[in-house]
Amino acid sequence: MSAVRLDGKACAASLEERLKHRISNCKNQPHLAVIIVGDDPASHVYVRNKILSCERLGIKSTHIQLPDETGQEEVQKIILELNEDSTLHGILIQSPLPSHLDEGSLTDLIDPRKDVDGFHPVNLGRIVQGRLDGMIPCTPSGVMEMLRWANIELEGKKAVVIGRSFNVGMPQALLLAAKGADSTVTIVHSRTLDAKSECLSADIVIAAVGRPEMVRKDWIKPGAVVIDVGINRVEDSTRDRGWRLAGDVHPDVSDVASIVSPVPGGVGPMTVAMLMANTVSSAESQHS
Ligand code: NAP
């Protein structure tokens, strides 16, 4: 068997079309502010992609670039000002921040209604309550959108989520178990005794680990759906640049799975599209 490729770019393009329609009906142009501190090259690539996406859709973006040595208080002050700006609907702090900054307490300062990353405790807590109409973290909500788009049945299915981070694995598990999705969910993490046998019993495996190609074909039940969230840079001397991107799932999984999302071109584009969706939702429920 060779698995069908779950095309995240096509799914994101379809979502963007729906967003354009919603944006054209918005009373105020949706507006996203991205705060980036320091010179991490990968972060700059991510921010550029987000800004390009805003331009494609007609979302206004403000890029706030701060030097590496910016202090906690200065970033706090900027966030508080952005909270008060009634022309602004989304605030995003690009991760990772330099180590002298406390990312958690900065996130806590963002007005939850403008928290388009969905990382504020209020927004994460709402998911636990089954209130899924707010700001949901973009990667797990992007995975849910892909599964819906591909008409993948979730009800009663056994799903294994590998990873329990607050930004991906844990909200992913909650979304899959939530009423309406109705999967039976197991969370696998670094202390799980036998990750392979947990995965082997799953109809759906979502890998969000950060370990290149950890999930092999002998971990996967024939016909299972496999979503690869991982983005890992691995050395590759055959490439001019000396590296390539790898997911958390080995390519040989395609021999046994029915559907696999690729890396790149799978969950990545969906994460950006869901960020746009959160910004549009925030503009639609305009707050001053
Ligand atoms: P993270 O915060 O480092 O969390 C990794 C999780 O994997 C942790 O819960 C950890 O368990 C678990 N883990 C580590 N080693 C394991 C092992 N050997 N067996 C089972 N579980 C193990 O990472 P993250 O932010 O969730 O990101 C995960 C991956 O997704 C990364 O590759 C990241 O680059 C990628 N990512 C992609 C997107 C996208 O848009 N496609 C967005 C965000 C993240 P413990 O909790 O026990 O430590």
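Read the numbers this way: they start at 1 and go in the same order the structure lists the ligands and their atoms.
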Is the shortest N/O to N/O distance between I231 and ligand 1 below 3.5 Å?
yes
Please work out whether the ring planes of F166 and F119 are parallel, tilted or perpendicular, with thresholds of 30° and 60°.
perpendicular
Should the pair R241-D236 be classified as a salt bridge under the 4.0 Å nitrogen-to-oxygen rule?
no
Check this for me: does any side-chain nitrogen of one of E145 and R18 sit under 4.0 Å from a carboxylate oxygen of the other?
yes
Is there a heavy atom of G268 sitting under 4.0 angstrom from any atom of ligand 1?
yes
For atom 26 (O) of ligand 1, which protein heavy atom lies nearest, and how many Å away is it?
S165 OG, 2.6 Å
Quick one: which of R164, R191, M214 has a heavy atom closest to atom 17 (C) of ligand 1?
M214
Flag yes if more than 12 heavy atoms outside K158 fall under 6.0 Å of its NZ atom; otherwise flag no.
yes
Looking at T139, D248, V263, V229, the heavy atom closest to atom 37 (C) of ligand 1 belongs to V229
Below 4.0 Å from ligand 1: does a non-hydrogen atom of A208 turn up there or not?
yes
Count the heavy atoms belonging to other residues, nucleotides or ligands that lie under 6.0 Å from CG of D240, then report whether that count exceeds 12.
no
Where's the contact between T192 and ligand 1, heavy-atom distance under 4.0 Å: side chain, backbone, both or neither?
neither
In the protein, which heavy atom is nearest to atom 16 (C) of ligand 1, and how far is it?
V209 CG1, 3.5 Å
Could you list which atoms of ligand 1 come closer than 4.0 Å to a heavy atom of R211?
14 (C), 15 (N), 16 (C), 18 (N)
Considering only heavy atoms of G163, which atoms of ligand 1 have at least one such atom less than 4.0 Å away?
6 (C), 7 (O), 9 (O)
Do E198 and T192 pair up side chain to side chain, a donor and an acceptor below 3.5 Å, judged on atom types alone?
no
Under 4.0 Å from a heavy atom of T271: which atoms of ligand 1 are those, numbered in the order shown and with their elements?
39 (C), 40 (O)
Can D102 and S105 be counted as having a side-chain donor-acceptor contact under 3.5 angstrom?
yes
Between N167 and ligand 1, is there a nitrogen or oxygen pair with a distance under 3.5 Å?
yes
Report yes if the side chains of I64 and L82 come closer than 4.5 Å at any heavy-atom pair, otherwise no.
yes
Nearest non-hydrogen protein atom to atom 44 (C) of ligand 1, with distance, is V168 CG2, 4.0 Å
Spatial distance of atom NZ (K50) from atom CE (M276) [nearest 0.5 Å]:
8.0 Å
Where is the nearest protein heavy atom to atom 21 (N) of ligand 1: which residue, which atom, and how far?
H189 C, 3.2 Å
Under 3.5 Å, is there a donor-acceptor pair linking the side chains of S254 and S2?
no
Per atom 48 (O) of ligand 1, closest listed option by heavy atom (A195, A246, S190):
S190
Atoms of ligand 1, numbered as shown, that sit under 4.0 Å from any heavy atom of N232
32 (O)
If we number the atoms of ligand 1 from 1 as shown, the ones under 4.0 Å from a heavy atom of G210 are 28 (C), 29 (C), 31 (C), 32 (O)
Within 45° cone and under 6.0 Å: R216 NZ/CZ vs W219 ring
no
